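The analysis underlying the following values was restricted to heavy atoms, covering all of them including side chains, and did not include hydrogens, waters or symmetry mates. Labels below follow one simple rule: chain letters A, B, ... track the order of the sequence lines, proteins then strands, and each chain is numbered from 1. On a predicted model such as this, the values are computed, not experimentally measured, just so you know.
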There are 2 protein chains.
Amino acid sequence: MQKPGSQVMVTLRQMIGSGELTAGERLVETAIAERLGVSRMPVRTAFRELESEGLLVRAGVRGYMVRHFSYNDIVDAVEVRGVLEGLAVRQLGERGLDQGTKKQLRGCLVEGDRLLAKGHLDEGDAEAYHSMNVCFHETIVAASGNAAVATALTRNDHLPFASVKAMTINTSEMEREFRRLSYAHMQHHAIVDALEAGQAARAEALMREHAAAVIRYTDLLQSADPAPKT
Amino acid sequence: MQKPGSQVMVTLRQMIGSGELTAGERLVETAIAERLGVSRMPVRTAFRELESEGLLVRAGVRGYMVRHFSYNDIVDAVEVRGVLEGLAVRQLGERGLDQGTKKQLRGCLVEGDRLLAKGHLDEGDAEAYHSMNVCFHETIVAASGNAAVATALTRNDHLPFASVKAMTINTSEMEREFRRLSYAHMQHHAIVDALEAGQAARAEALMREHAAAVIRYTDLLQSADPAPKT
DNA sequence: CCCATCCAAATTGGATCCAATATTTTGAAT
DNA sequence: ATTCAAAATATTGGATCCAATTTGGATGGG
């Protein structure tokens with residue numbers, strides 16, 4: 001608890017994510033403050049922060065409400081992530097890979113190969129793949145050296161389901177998930193191949209396709225709402 | 001003054017933009033509050049908001065400081081704007097232009113043609129071109145219907161010199177500026193042509209080049225700082 | 001019966017106060 | 001003289017109080 005005020009933030013995030021605060025619901029500072037057992041002040045700052053992250057929107061002239069996410073919002077955000085990570089990987093390819101980055105990326109590849117080598121997914125494998133995946137994407141963005149991409153991605157990733165970190169694995173259909181991750185990991189291989197060959201434009205195209213694949217070949221409908229976006 | 005608290009925000013923006021608050025300077029809440037004649041509270045909220053916009057960064061564990069912008073930061077941000085607006089124009093091209101958007105864009109084109117027809121730039125022409133340019137870009141982003149692009153652009157555009165709105169025209173070299181704007185306007189024409197022909201990928205490539213041209217063919221050195229970015 | 005105006009209640013923004021924490025300075029000891 | 005520790009000061013986060021503004025209802029007039 002290095003930052004006491006951030007506790008309110010994570011609690012509100014959870015309440016929004018879990019649906020305890022439903023979309024469109026009017027949020028009153030005093031009510032939330034009382035509910036969380038704190039003063040109105042941290043709630044006030046948290047509301048503004050969550051607004052800047054896009055999770056809350058102003059409810060008219062007074063108060064905030066939980067933002068309503070449509071399916072299109074998620075698709076759009078993933079598309080944005082695709083072009084941003086595509087830019088990052090292209091610039092990385094243009095500048096060339098340094099030894100540390102190359103080592104890191106290859107480490108991600110062998111880790112993924114190891115997880116998928118069995119031909120099926122076990123329980124802990126999903127989490128391990130997820131960690132590897134986050135590491136792969138973060139390494140590329142960091143190595144690109146483009147700070148604007150990093151900040152834009154951070155902002156964009158505040159939207160639920162748009163982030164690499166938010167990639168969920170459907171444990172009830174492990175076979176299908178195995179095929180999906182196998183395809184995704186082949187794309188990882190192709191991206192690293194392109195990077196090592198200095199094919200920056202190809203790496204960019206692959207990364208954009210890689211992001212789009214998440215949407216096209218994942219069941220988002222379970223949690224997404226097809227209502228019109230706000 | 002519909003929102004009293006926003007006055008502190010605009011004042012701080014001005015102070016940062018004008019260099020009254022120099023980059024790297026440690027900002028103390030009490031000092032700023034006293035200087036602006038308000039309580040610490042609006043300053044506190046403004047600091048956080050400016051941090052989320054990227055103009056301020058945390059100075060260690062305590063306090064904020066004015067962010068230091070390097071030349072690379074600006075180039076990166078413009079590159080980000082390029083891929084985001086490129087995505088917007090591609091999606092617009094894929095969905096097809098509606099009548100209102102087509103009318104709006106053509107209006108921008110004829111306005112630009114009119115301004116450039118004389119073969120040189122007059123005093124008021126620069127402002128008029130600027131307004132037309134902002135309208136052109138905003139129309140495309142709005143018409144794309146991709147809310148994530150719009151928000152990402154808004155965030156990115158908080159960085160000085162990265163925004164379309166921040167495009168300045170060097171009044172001391174009107175002849176050179178005329179050639180630059182002529183080229184930019186030709187790109188506008190090409191983008192609209194591609195959109196009307198349904199050539200979405202071509203429109204995207206043109207838009208990315210259009211953003212990059214701003215950097216390559218503009219004198220930014222006068223205001224940019226070549227020191228390493230933070 | 002409907003509309004307008006006014007009053008009251010609620011809610012949010014700003015100010016001030018208090019506590020917690022980090023940083024700096026000073027003094028002492030080695 | 002230098003370094004370490006302790007104390008004092010400075011700064012930020014949280015709580016509470018006050019003011020301003022809006023919203024809702026109620027009442028009176030047309």
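Around atom CD of A/Glu34, no more than 12 heavy atoms belonging to other residues, nucleotides or ligands sit under 6.0 Å away. When the shell of 6.0 Å around CD of B/Gln91 is examined, it contains more than 12 heavy atoms from other residues, nucleotides or ligands.
With hydrogens and angles left out, the side chain of A/Arg44 and the base of D/dG14 share no donor-acceptor pair within 3.5 Å. A donor-acceptor contact under 3.5 Å is formed by the side chain of A/Arg62 with the base of D/dT21.
A donor-acceptor pair is defined here as one N or O able to donate and one able to accept, closer than 3.5 Å; such a pair exists between the side chain of A/His185 and the backbone of A/Leu109.
The side chain of A/Arg26 lies closest to C/dT12, out of D/dT23, C/dT12, D/dA10. Looking at the side chain of A/Glu29, the nearest of the listed nucleotides D/dA15, C/dT12, D/dT11 is C/dT12.
B/Met9 places its CE atom 14 Å from the P atom of C/dG13, with the value rounded to the nearest Å. The interatomic distance linking A/Tyr64 (OH) with C/dT12 (P) rounds to 9 Å, in whole Å. Between the CE atom of A/Met41 and the P atom of C/dT11 there is a distance of 17 Å, rounded to whole Å. Distance A/Phe47 CZ to C/dT11 P: 12 Å, rounded to the nearest Å. For A/Leu56 and C/dT12, the CG to P distance is 12 Å, given to the nearest whole Å. Across the protein-nucleic acid pair, A/Arg40 atom CZ and D/dG13 atom P stand 18 Å apart, rounded to whole Å.
Under 4.0 Å is where a charged nitrogen must lie from a carboxylate oxygen, and between A/Arg35 and A/Glu20 at least one such pair does.
Distances shown here put a side-chain N or O of B/Arg48 below 4.0 Å from the OP1 or OP2 atom of D/dG13.
DNA chain C is contacted by no residue of residues 31-39 of chain A, taking any non-hydrogen atom closer than 4.0 Å.
Relative orientation of the A/Tyr129 and A/His188 rings is parallel, given thresholds of 30° and 60° on the angle between their planes.
The aromatic ring centres of A/His137 and A/His210 sit less than 6.0 Å apart.
Shown here are the salt bridge (Lys or Arg N to Asp or Glu O under 4.0 Å) partners of B/Arg13, two or more places apart in sequence or in another chain: B/Glu53.
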